[in-house]
K.L.:
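I am attaching a structure below and will ask some questions about it afterwards.
Throughout, numbering of the chain's residues begins at 1 and tracks the sequence.
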Amino acid sequence: MSSLNAKIQDVFNEPACENNRGKDAKARKKGCSKPLTPGAAAGGCAFDGAKIVLQPITDVAHLVHAPLACEGNSWDNRGTASSGPTLWRTSFTTDVTELDVMMGQGERKLFKAIREIKEAYAPPAIFVYSTCVTALIGDDIEAVCKRAAEKFDLPVVPVNAPGFVGSKNLGNKLAGEALLDHVIGTAEPDDAGPYDINILGEFNLSGEFWLVKPLFDRLGIRVRASIPGDARYLDVASAHRARATMIVCSTALINLARKMEQRWDIPFFEGSFYGITDTSEALRQISRLLVKKGADPEILGRTEALIAEEEAIAWKKLAAYRPRLEGKRVLLNTGGVKSWSVVHALMEIGIEIVGTSVKKSTPEDKERIKKILKDENHMFEAMAPRELYAMLSKHEADIMLSGGRTQFIALKAKVPWLDINQERHQPYAGYDGMVELVRQIDLAIHNPIWRQVREPPPWECRTAVEDEPPSSKSKTATVQGFKKFAGTTADDFGEC
């Protein structure tokens with residue numbers, strides 16, 4: 001536990017975080033962001049965060065050392081996709097019971113589970129996750145993993161991120177530390193070249209990265225490792241031979257990017273693949289870094305030619321949507337990199353942003369939003385469901401983009417809603433992804449169902465009744481409304 005405490009302290013003391021650079025040594029150790037109150041209902045735990053970062057490594061067996069509920073409640077909670085292996089979708093758990101706890105059989109059961117996975121699936125590696133129960137009873141997963149690796153001649157990686165140590169974001173960072181300590185740098189590629197890059201914090205949600213990778217292929221740039229989206233164990237193990245790194249979500253893996261720069265001299269920058277302008281700028285930044293690391297400068301010209309070609313195609317496709325969406329108002333209730341990248345993307349086609357959540361955003365994200373929106377009043381840390389409902393009920397937004405947890409607020413307010421978080425089914429990255437995002441917004445806003453659900457029901461119709469005393473008009477109109485409701489044609493309802 002002392003080693004875990006030291007690791008947590010090191011993760012919080014993150015010099016690459018803008019919020020930490022101006023602090024003294026003592027204050028810096030408090031972390032880039034305010035730690036969450038233990039026990040508070042504030043989203044996922046550290047174990048959940050570690051699983052999110054590592055499970056998309058698709059050919060690895062992910063073994064959760066815990067009672068059944070830990071794996072049962074965390075399995076497949078992200079819409080990531082694989083172009084090959086499917087082992088990551090198989091659920092493995094030691095299913096620790098009360099008897100195992102009482103009799104001290106946890107470590108023995110873990111070793112046996114590792115052996116069974118090795119014999120049945122022969123994966124290139126096994127990741128073992130510690131959880132609250134097994135950490136509290138003192139099971140030493142690092143010792144078990146070390147012994148199993150020697151016994152079975154197989155990389156067995158301990159992921160020491162039990163849920164009680166902190167938030168989901170802390171778990172993200174601890175997962176990055178596990179990769180640094182046990183995976184990255186353990187394999188030497190025989191084909192390293194001057195155009196190799198890493199992409200960190202890209203989860204390939206709904207296959208988003210597959211819309212971006214062809215752009216790199218056309219430039220002759222090889223993605224040595226995408227961590228974690230659609231990754232393979234050996235790709236991650238040889239990631240230290242890349243020449244440059246792009247980090248998509250710094251909130252999750254800034255520590256991994258910084259330490260890879262320190263150990264292997266791999267420069268990094270933070271960028272986004274959401275929106276036409278941001279995608280183009282990301283390609284430019286990668287090309288510049290590669291040139292600085294020794295690549296042929298001609299790649300800069302090829303990059304500009306590719307950008308000009310792709311932008312022209314994308315803007316031509318978006319032109320059809322501009323008259324239908326220009327001036328429409330969007331409320332964005334998400335966080336992290338999407339809090340600014342999606343904002344920028346939507347504003348490019350004339351959509352107005354009435355608000356964006358910055359609850360999960362870094363200080364750098366917030367500064368970007370200020371520059372884009374030029375108005376801090378459109379930023380909110382958190383908005384209670386009641387406030388969201390009031391805002392939408394007053395028709396202050398034409399559509400809300402958020403995760404699945406707040407969709408029913410929009411539906412109750414009779415306002416269109418579009419999933420922008422990890423559960424979504426459409427990819428929105430790159431040039432083609434931007435066109436798809438705009439198309440989905442257009443479909444949602446102009447869906448005829450919204451006009452229908454906003455109309456008053458037939459029994460609330462108030463039709464004028466000629467030559468009737470004022471005192472009896474209301475009653476007669478209501479009766480007529482019920483008579484219309486009892487009719488058989490849609491035309492009767494339209495008259496209301």
Side-chain angles (χ1 to χ4, degrees), residues 1-5 7-8 44-78 85-166 168 170-172 174-175 177-179 181-183 186 228 233 236:
M1 186 59 70
S2 60
S3 61
L4 177 58
N5 289 334
K7 184 70 70 176
I8 292 172
C45 64
F47 159 70
D48 184 35
K51 195 87 180 301
I52 285 171
V53 166
L54 298 176
Q55 188 158 0
I57 302 176
T58 58
D59 57 350
V60 166
H62 300 270
L63 173 60
V64 179
H65 184 40
L68 184 62
C70 288
E71 173 64 350
N73 291 325
S74 67
W75 179 81
D76 200 26
N77 63 351
R78 308 277 287 190
T86 58
L87 183 59
W88 66 285
R89 293 187 58 82
T90 301
S91 179
F92 297 103
T93 177
T94 53
D95 187 19
V96 175
T97 65
E98 293 91 338
L99 185 61
D100 296 323
V101 173
M102 295 297 296
M103 302 301 294
Q105 295 296 313
E107 293 178 354
R108 185 185 298 273
K109 199 169 188 179
L110 173 59
F111 188 86
K112 181 181 178 182
I114 294 171
R115 182 179 62 203
E116 291 177 354
I117 294 172
K118 156 74 174 177
E119 294 173 352
Y121 297 92
I126 299 174
F127 286 6
V128 176
Y129 299 81
S130 175
T131 56
C132 292
V133 171
T134 51
L136 286 171
I137 63 177
D139 281 0
D140 190 346
I141 69 166
E142 294 189 5
V144 175
C145 290
K146 182 178 180 180
R147 173 59 182 149
E150 296 170 350
K151 177 73 174 179
F152 306 125
D153 191 24
L154 175 76
V156 184
V157 179
V159 184
N160 205 354
F164 62 77
V165 301
K168 180 170 66 175
L170 176 60
N172 297 155
L174 291 175
E177 295 292 321
L179 293 179
D181 293 342
H182 302 285
V183 181
T186 60
Y233 178 79
V236 178

K.L.:
Answer yes or no: is there a side-chain heavy-atom contact under 4.5 Å between Asn160 and Leu174?
P.N.:
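Side-chain contact under 4.5 Å: no.
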K.L.:
Would Ile126 and Tyr233 count as a side chain to side chain contact (heavy atoms under 4.5 Å, CB included) if you check the C-alpha gap in whole Å, the side-chain angles of each, and the deciding distance to 0.1 Å?
P.N.:
CA-CA 10 Å; Ile126 299 174; Tyr233 178 79; over 6 Å; no
K.L.:
Can you tell me how far apart CG (Asp95) and CG (Leu68) are? Round to the nearest 0.5 Å.
P.N.:
5.0 Å
K.L.:
Using modelled atom types only, decide if a donor and an acceptor are shared between the side chain of His62 and the backbone of Ile57 within a distance under 3.5 Å.
P.N.:
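Looks like yes, one N/O pair under 3.5 Å.
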K.L.:
Would you say Arg115 and Lys151 make side-chain contact, with heavy atoms under 4.5 Å?
P.N.:
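No, side chains not in contact.
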K.L.:
Looking only at non-hydrogen atoms, find the nearest pair between Pro158 and Ala178 and report the distance.
P.N.:
O-CB, 4.0 Å
K.L.:
Go through it in stages, so that I can follow the logic: the residues are Arg89 and Gln55, the test is side chain to side chain contact (heavy atoms under 4.5 Å, CB included), and I'd like the CA-CA distance, side-chain angles, deciding distance and then a yes or no.
P.N.:
CA-CA 8 Å; Arg89 293 187 58 82; Gln55 188 158 0; over 6 Å; no
K.L.:
Taking C-beta and beyond as the side chain, do Val157 and Val128 meet within less than 4.5 Å on heavy atoms?
P.N.:
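No - every pair of side-chain heavy atoms lies 4.5 Å or more apart.
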K.L.:
Indicate yes or no for a side-chain donor-acceptor contact from Glu107 to the backbone of Asp140 under 3.5 Å, with no hydrogens or angles considered.
P.N.:
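Looks like yes, one N/O pair under 3.5 Å.
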K.L.:
Listed by chain and number, what are the salt bridge (charged side-chain N to carboxylate O under 4.0 Å, His left out) partners of Lys109, not counting sequence neighbours?
P.N.:
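Here the qualifying residues are Asp100.
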K.L.:
Between Cys70 and Phe47, which heavy-atom pair has the shortest distance, and what is it?
P.N.:
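Looks like O-CE2, 3.7 Å.
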K.L.:
Kindly give the heavy-atom pair with the smallest separation between Val60 and Ala125, and that separation in Å.
P.N.:
CG1-O, 3.6 Å
K.L.:
Taking atom CD of Glu150 as the centre, report whether more than 12 heavy atoms of other residues, nucleotides or ligands fall under 6.0 Å from it.
P.N.:
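It does: Glu150 CD has more than 12 such atoms within range.
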K.L.:
Just checking, any donor-acceptor pair under 3.5 angstrom between side chains of His65 and Thr94?
P.N.:
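Side chains of His65 and Thr94: pair found under 3.5 Å.
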K.L.:
Please lay out, stage by stage, how Val156 and Phe127 fare under the test side chain to side chain contact (heavy atoms under 4.5 Å, CB included).
P.N.:
CA-CA 6 Å; Val156 184; Phe127 286 6; over 6 Å; no
K.L.:
Do Thr58 and Leu87 have side chains that get closer than 4.5 Å, going by heavy atoms?
P.N.:
no
K.L.:
Say you draw a straight line from CD of Gln105 to CG of Leu99; how long is it, rounded to the nearest 0.5 Å?
P.N.:
8.0 Å
K.L.:
What are the two closest non-hydrogen atoms of Gly106 and Asp139, and how far apart are they?
P.N.:
CA-OD2, 3.3 Å
K.L.:
Mind checking the CD1-CE spacing from Ile137 to Met102? Nearest 0.5 Å is all I need.
P.N.:
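Rounded to the nearest 0.5 Å, the CD1-CE separation comes to 11.0 Å.
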K.L.:
Does Asp59 use its side chain to pair, donor to acceptor, with the backbone of Pro85 at less than 3.5 Å?
P.N.:
no
K.L.:
Taking the six-membered ring for Trp, is the centroid-to-centroid distance between Phe111 and Phe152 below 6.0 Å?
P.N.:
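Between Phe111 and Phe152, the centre distance is under 6.0 Å.
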K.L.:
Sequence neighbours left out, what passes salt bridge (charged side-chain N to carboxylate O under 4.0 Å, His left out) with Glu177? Give chain and number order.
P.N.:
Lys7, Lys259
K.L.:
Any chance you could measure Ser130, atom OG, to Leu136, atom CG, to the nearest 0.5 Å?
P.N.:
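So the OG of Ser130 and the CG of Leu136 are separated by 9.0 Å.
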K.L.:
Nearest 0.5 angstrom please: Asp181 CG to Glu142 CD, how far?
P.N.:
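Between Asp181 CG and Glu142 CD, I get 8.5 Å after rounding to 0.5 Å.
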K.L.:
Check whether the ring centres of Phe92 and Tyr129 lie less than 6.0 Å apart, and answer yes or no.
P.N.:
no
K.L.:
Do you know which two heavy atoms are closest between Ala113 and Leu63, and how far apart they sit?
P.N.:
CB-CD2, 4.0 Å
K.L.:
What's the spacing between Glu116 CD and Ile114 CD1 if we round to 0.5 Å?
P.N.:
10.5 Å
K.L.:
What's the shortest heavy-atom distance between Thr93 and Pro67, and which atoms?
P.N.:
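Answer, listing the atom of Thr93 first, then Pro67: OG1-O, 4.2 Å.
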